[in-house]
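Taking it in order: structure first as structure tokens, then the write-up.
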Amino acid sequence: MIVPNLLVIDDDTAFRSAVCEGLSRRGFEVEQARDGQEALEAIQNKRFHLALVDVHMPRVTGLELLRRLPATPDRPACVLMSAQLDDTIRREAEMMKAYRVLSKPIRLAALCEIVSSALLECYNWRAS
């Protein structure tokens with residue numbers, strides 16, 4: 001069975017590490033990036049099925065990352081997250097086809113459910 005590759009992109013080291021650890025314990029292959037620039041480089045070198053993306057980051061923001069991702073079949077589904085969500089961010093994320101927009105803080109169990117839902121909807125992948 002193929003194990004989905006996930007990319008967690010957040011400039012908050014503690015949050016990023018906790019999410020990566022939690023998803024790894026649930027059997028996912030997880031990599032991390034500190035900002036959108038690192039994420040773009042990672043995505044050029046490896047296929048990811050899903051990206052969990054913070055909105056507010058240095059160098060390349062989450063919204064800018066979505067703008068720069070090519071509209072190809074290999075583009076990962078993207079879940080945007082922010083502690084400072086507003087209607088403008090939500091509208092932009094919708095226009096750029098984000099799978100979901102989440103408000104931080106978010107419980108790990110809820111995040112894992114959203115990851116599973118995204119993988120099922122986008123790739124017909126079910127946890128075994």
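Each residue takes its place number in the sequence, starting with 1.
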Whether S117 side chain and E113 backbone form a donor-acceptor pair below 3.5 Å: yes

Derivation of the side-chain contact (heavy atoms from CB on, under 4.5 Å) call for M81 and V55: CA-CA 6 Å; M81 306 174 291; V55 172; over 6 Å; no

Over all atoms of both residues, closest heavy-atom pair of G22 and L108: CA-CD2, 3.5 Å

Gap between atom CG of D54 and atom CG of D12 - 0.5 Å precision: 8.0 Å

Evaluation steps, salt bridge (Lys or Arg N to Asp or Glu O under 4.0 Å), between R59 and E64: CA-CA 10 Å; R59 297 198 305 167; E64 182 62 26; over 6 Å; no

In one Ile/Leu/Val/Met/Phe/Trp/Tyr side-chain cluster, 4.5 Å: L50, Y123: yes

Option passing side chain to side chain contact (heavy atoms under 4.5 Å, CB included) with F48 (candidates L6, I43, V30, D74): I43

Test item: N5 and K46 side chains (from C-beta on) under 4.5 Å apart, heavy atoms: yes

W125 side chain near P4 side chain, heavy-atom distance below 4.5 Å: yes

Full working for salt bridge (Lys or Arg N to Asp or Glu O under 4.0 Å) between K104 and D10: CA-CA 12 Å; K104 288 180 178 178; D10 201 302; 2.5 Å; yes

Nearest non-hydrogen partners of L85 and I89, listed with the distance: CD2-CG2, 3.7 Å

side-chain contact (heavy atoms from CB on, under 4.5 Å) between V3 and E29, intermediate numbers included: CA-CA 7 Å; V3 176; E29 293 291 325; 3.7 Å; yes

Nearest-0.5 Å distance that lies between atom CZ in R100 and atom CD in E94: 12.0 Å

Distance in Å, L40 CG paired with N45 CG, rounded so as to fall on 0.5 Å steps: 11.0 Å

Value rounded to 0.5 Å, distance of NE2 in H56 from OG in S82: 3.5 Å

Within 6.0 angstrom of E41 CD, more than 12 heavy atoms from elsewhere: yes

NE2-CG distance between H49 and L7, expressed to the nearest 0.5 angstrom: 12.5 Å

Closest non-hydrogen atom pair, R90 against V101: NH1-O, 3.7 Å

Nearest non-hydrogen partners of A39 and A33, listed with the distance: N-CB, 3.6 Å

Side chain proximity check, M96 to L63, heavy atoms < 4.5 angstrom: yes

Closest heavy-atom pair and its distance - G36, M57: N-CE, 3.6 Å

Criterion side-chain contact (heavy atoms from CB on, under 4.5 Å) on V79 and I114, from CA distance to verdict: CA-CA 9 Å; V79 174; I114 290 166; 4.3 Å; yes

Reference residue L80; test side chain to side chain contact (heavy atoms under 4.5 Å, CB included); the match among L52, I9, V53: V53

Contact summary for D35 and P58, nearest pair of heavy atoms: CB-O, 3.4 Å

Working for side-chain contact (heavy atoms from CB on, under 4.5 Å), residues L66 and R75: CA-CA 10 Å; L66 263 67; R75 178 185 177 174; 3.4 Å; yes

Distance, nearest 0.5 Å, that separates CD of Q32 from CD of E38: 9.0 Å

